[in-house]
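Notes follow the structure.
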Amino acid sequence: MAEAVRVRFAPSPTGLLHVGGLRTALYNYLFARRHGGAFLLRIEDTDRSRYVPGAVEMIVESLRWAGLDYDEGPGVGGPHGPYFQSERLDRYREAADRLIASGDAYPCFCTAERLDAMRREREKARQSTKYDRRCLGLGAAGIERRRASGEPHVVRMRIPDERSVVVEDLVRGTVEFSTDVLDDQVLLKSDGFPTYHLANVVDDHLMEVTHVIRGEEWLSSTPKHVLLYRFLGWAPPRFAHLPLLLGKDRSKLSKRQADVAVSDYRAQGYRPEALVNFVALLGWNPGYDRDVFSMDDLMREFSLERVGKSGAIFDLEKLRWLQASYLRSLPREVLREELKPLLEARGWTWPGDAWLDRVLDLMIERIAFVREVPEKAGWFFADPAEHDAETVAKRWKPESRGLLSRALAVLERSPFDAGSLESEVRGLAEREGVAVSDLVHPLRLACTGMGAGPGLFALMETLGREACVRRIRRALGTLP
RNA sequence: GUCCCCAUCGUCUAGUCCGGCCUAGGACACCACCCUUUCAAGGUGGCGACACGGGUUCGAAUCCCGUUGGGGACACCA
C-alpha cells in the first residue's frame with residue numbers, strides 16, 4: 001500500500017488520439033495525480049505494418065492540448081526508458097527465452113496458411129479454433145535444426161490445462177476464466193517483434209506499473225496476462241477495466257458514428273476543459289449532484305471506486321452545453337484574441353479592442369464557439385447583403401416603411417448611446433400610437449438583416465450612427 | 001458458435017456493496033411559464049426510468065435464480 005502509484009497510457013501509433021483513448025488517458029492521469037503517483041506514456045509500436053508516421057506526435061499533441069502532461073515518456077524521458085516498444089526488443093526476447101526454458105512457451109513453425117486452413121476446418125466442424133499445438137511436441141533437436149536453417153517461427157505461450165485463472169478487477173470485481181477457453185497465444189512474432197500481450201506484461205513490470213487502467217476490450221485477454229506474470233515470477237499489477245464508450249447504435253464507438261478524434265473536436269472549436277469534463281463524466285461520477293469539474297477538481301475527486309460498469313453512449317448534447325458554459329467563463333481577452341484571426345480571414349476590420357469587447361459582450365450569451373461570432377453576427381463588421389426573408393415576411397408590415405422613415409429622422413439627431421436611443425424610440429412609438437415592437441423589429445431588420453440577436457439599442461450604439469443610418473436608408477430602398 | 005461483461009428517465013447518471021430514509025434524486029435535451037423589442041442567457045415548473053419472470057423477506061431498484069436484450073473478446077492488431 002505504501003508503494004508509489006505508477007500508471008501508464010499505452011497507445012499504438014496507428015492514427016489520431018480517439019476520444020475513448022482520451023478518457024482512458026484521463027482516468028490514468030487523474031488516478032496518478034490523486035495519489036501523488038506517476039503517469040507515463042508508452043508507445044506500443046510493435047506492429048510495423050500499422051505504424052502511421054507522425055501518429056506519435058499527433059497523440060502527444062492531443063494529450064498536451066487536453067492538459068494531460070506525463071511524467072515519463074517520449075520527449076520527457078525517465079528512468080525506465082526507452083518508452084517506445086520498438087526500442088525494447090531485447091527485453092521481450094529475453095522474457096520469451098525464459099518462458100521457453102521454463103516450458104511455459106514454445107517455438108511454433110506453423111505457417112499462416114496452415115493456421116488458416118486449420119481454423120477453417122475446425123470452424124466447419126464447429127470446434128474451437130484454438131491452435132492445435134502441432135509444434136508443441138517438437139523435440140529440442142528438431143527445433144534447433146529448423147531454427148538453424150532459418151525457418152521462420154513464432155513463440156507461443158503454453159496455456160496450462162484445466163485450470164481457472166482469476167482476475168481481480170478494481171471495477172468489475174472477481175472475474176474467473178477457465179484455461180481451456182484460452183488459446184496458445186503468440187508472444188513473439190516471426191519478425192522478432194512481440195505481440196501486445198508479451199510486450200505489455202514485460203513493460204508494465206519493468207516500468208513498475210502498479211495499476212493497469214484500460215478499456216474493457218482487454219478484459220478477456222487479462223487471464224493470459226495474469227498467467228504471464230505468474231510464469232515470469234512477477235507480481236501482477238492491479239487491473240481496472242473501464243466501460244466502453246459507445247456510439248449511437250450502442251456498439252463500440254468508432255469512426256463513422258461520430259467524430260472520434262480529439263483533434264476533430266479541437267478543430268471545431270471545443271475547449272479542452274469542456275471535452276475533458278464531458279469525457280470524465282462518461283463512466284465516472286462524483287457521487288453527488290454536480291457536473292462541472294475543472295481538471296483540478298477532477299484530480300481531487302477522482303476514484304476508481306466510482307467508475308461504473310456499463311458502457312456509455314458518446315452523446316454530444318451535454319458536451320455542447322458544457323462548451324457554451326466554459327466559453328462564457330473565459331476572460332474577454334482570450335476570446336478577443338481568438339476572434340481576431342477569424343475576422344481577418346474574412347477581410348473584416350474593426351475600430352479597436354474595446355469595440356471588439358463590446359461585440360463579444362453582446363454575443364457571448366448567444367454562442368457556444370468563438371467562430372459563431374462571424375457566423376451569426378457578421379453584420380457587426382459589414383453591412384448585411386440581404387434581409388432575412390422569413391423575418392421580412394413576419395415583421396415587415398405595410399406601415400413599417402412609414403414608421404422606419406420617421407424613426408430614421410429621429411435617429412439622425414438623437415444622441416447615439418443605448419439609453420438615449422431607447423427613450424427616443426419609445427417616445428416615437430408613443431407619438432405614433434404603436435407598440436414599441438412595431439418600431440424595434442423593422443429597425444433590427446434594417447440594421448442587421450436578421451430577426452434575432454442582441455438587444456437592439458445596445459447593438460445600434462455599437463454599430464454607430466453612421467452605419468445605422470446607412471443601413472436604414474438602404475432598407476427603405478430595397479424593402480417593399 | 002464459445003467465453004466474459006453489462007442492464008434505472010431519450011442521453012449521462014445517483015441510489016445497489018450494508019434491503020425499509022425511493023410516492024426513485026440530479027444534469028443534458030425537450031415542453032410550458034416568468035423575464036423581455038427578438039434570439040439567447042437566467043429563473044420556475046413539467047414530461048420522463050428500476051428490461052421481464054420467478055424466488056428470499058414483514059418489506060426488493062437494491063439479495064438469489066432464470067429469461068430476454070445489449071456489448072466485448074476469441075489474429076504473427078493493439
Side-chain angles (χ1 to χ4, degrees), chain A residues 10-14 44-47 49-50 108 110-112 115-116 119 123 126-130 152-156 167 169 171-173 175-178 180-183 185-191 193-197 199-200 214-223 241 243-244 246 248-252 278 281-292 305-306 308-322 324-325 328 363-367 376 391 394-395 422 425-426 429 435-441 443-445 448 450-457:
Chain A
S12 59
T14 53
E44 311 228 324
D45 55 346
T46 58
D47 185 355
S49 68
R50 292 211 307 157
C108 169
C110 292
T111 60
L115 260 19
D116 269 2
R119 287 199 188 100
E123 194 159 335
R126 282 192 291 159
Q127 287 175 299
S128 138
T129 56
K130 290 196 303 185
H153 70 281
V154 302
V155 173
R156 288 180 181 277
V167 175
D169 190 278
V171 347
R172 276 156 222 282
V175 185
E176 196 173 343
F177 297 84
S178 163
D180 40 55
V181 302
L182 266 28
D183 198 357
Q185 184 62 239
V186 169
L187 298 178
L188 217 51
K189 304 182 236 181
S190 54
D191 63 0
F193 277 65
T195 57
Y196 171 87
H197 309 283
N200 207 256
R214 79 229 299 192
E216 192 192 342
E217 68 266 33
W218 294 109
L219 184 58
S220 43
S221 41
T222 305
H241 288 94
L244 259 18
L246 275 24
K248 280 255 187 257
D249 64 356
R250 290 214 153 264
S251 69
K252 192 162 122 179
F278 174 64
L281 260 12
L282 256 25
W284 172 85
N285 73 80
Y288 53 91
D289 295 332
R290 174 177 171 186
D291 35 33
V292 177
E305 291 81 64
R306 294 212 61 86
K309 299 189 206 331
S310 45
I313 294 181
F314 189 79
D315 180 358
L316 270 13
E317 297 200 274
K318 202 164 190 167
L319 172 59
R320 295 188 61 82
W321 170 76
L322 281 167
S325 103
R328 265 178 257 130
M363 290 305 294
I364 194 66
E365 307 277 86
R366 288 157 242 269
I367 58 173
K376 299 171 92 165
T391 309
K394 188 175 173 193
R395 308 287 195 190
E422 176 157 11
V425 169
R426 284 187 186 280
V436 183
S437 60
D438 290 331
L439 243 20
V440 165
H441 293 307
L443 275 168
R444 173 186 301 284
L445 183 62
T448 73
M450 307 186 75
L456 178 71
F457 306 111

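Labels below follow one simple rule: chain letters A, B, ... track the order of the sequence lines, proteins then strands, and each chain is numbered from 1.
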Just checking [X]: base, sugar-phosphate only, or nothing, at a heavy-atom cut-off of under 4.0 Å?
| X | answer |
| --- | --- |
| A:Pro223 | nothing |
| A:Pro454 | base |
| A:Ser12 | sugar-phosphate |
| A:Arg214 | nothing |
| A:Val440 | base |
| A:Arg328 | sugar-phosphate |
| A:Gly215 | nothing |
| A:Gln185 | nothing |
| A:Leu282 | sugar-phosphate |
| A:Arg290 | nothing |
| A:Phe457 | base |
| A:Ser310 | sugar-phosphate |
| A:Arg172 | sugar-phosphate |
| A:Arg444 | base |

inquiry  = If you compare every side-chain N and O of A:Arg395 against the phosphate oxygens of B:rU38 (OP1, OP2), does one of them come in below 4.0 Å?
reply    =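 Result: no.
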query = Using a cut-off of less than 4.0 Å, is there contact between a side-chain N or O of A:Lys309 and OP1 or OP2 of B:rC4?
reply =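 Negative; the distance criterion is not met.
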Could you please name the partner base of [N], counting Watson-Crick and G-U wobble pairs only when both distances are under 3.5 Å?
| N | value |
| --- | --- |
| B:rA32 | B:rU44 |
| B:rC17 | none |
| B:rC9 | none |
| B:rA73 | B:rU2 |
| B:rA51 | B:rU67 |

query = Is a donor-acceptor pair below 3.5 Å formed from side chain A:Arg366 to base B:rC39, judging by atom type as modelled?
reply =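 When only heavy-atom distances are counted, A:Arg366 does reach the base of B:rC39 through a donor-acceptor pair under 3.5 Å.
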message = Taking atom types as they are modelled, would you say the side chain of A:Thr129 forms a donor-acceptor pair with the base of B:rC74 within the 3.5 Å cutoff?
response =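 No.
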Length of the line joining [X]:[atom1] and [N]:[atom2], which is rounded to integer Å:
| X | N | atom1 | atom2 | answer |
| --- | --- | --- | --- | --- |
| A:Phe177 | B:rG72 | CZ | C1' | 11 Å |
| A:Glu216 | B:rC74 | CD | P | 13 Å |
| A:Lys248 | B:rG70 | NZ | P | 19 Å |

Quick one: which of [options] gets closest to the side chain of [X]?
| X | options | value |
| --- | --- | --- |
| A:Leu244 | B:rC28, B:rG72, B:rG25 | B:rG72 |
| A:Lys252 | B:rA73, B:rC28, B:rU2 | B:rA73 |
| A:Glu317 | B:rA78, B:rC28, B:rC12 | B:rC28 |

On a whole-Å scale, what distance lies between the [atom1] atoms belonging to [N] and [M]?
| N | M | atom1 | answer |
| --- | --- | --- | --- |
| B:rA14 | B:rG55 | C1' | 28 Å |
| B:rU57 | B:rG15 | P | 28 Å |
| B:rU16 | B:rA61 | P | 14 Å |

query = Which one of A:Arg172, A:Glu216, A:Arg214 satisfies the side-chain hydrogen bond (donor to acceptor under 3.5 Å, both in side chains) criterion with A:His241?
reply = A:Arg214
So which heavy atom on [X] is nearest to which on [Y], and how close?
| X | Y | result |
| --- | --- | --- |
| A:Leu282 | A:Phe314 | CD2-CD1, 3.6 Å |
| A:Val436 | A:Ala429 | CA-CB, 4.0 Å |
| A:Pro243 | A:Gly283 | CG-CA, 4.4 Å |

request  = Taking atom CZ of A:Arg366 as the centre, report whether more than 12 heavy atoms of other residues, nucleotides or ligands fall under 6.0 Å from it.
outcome  = yes
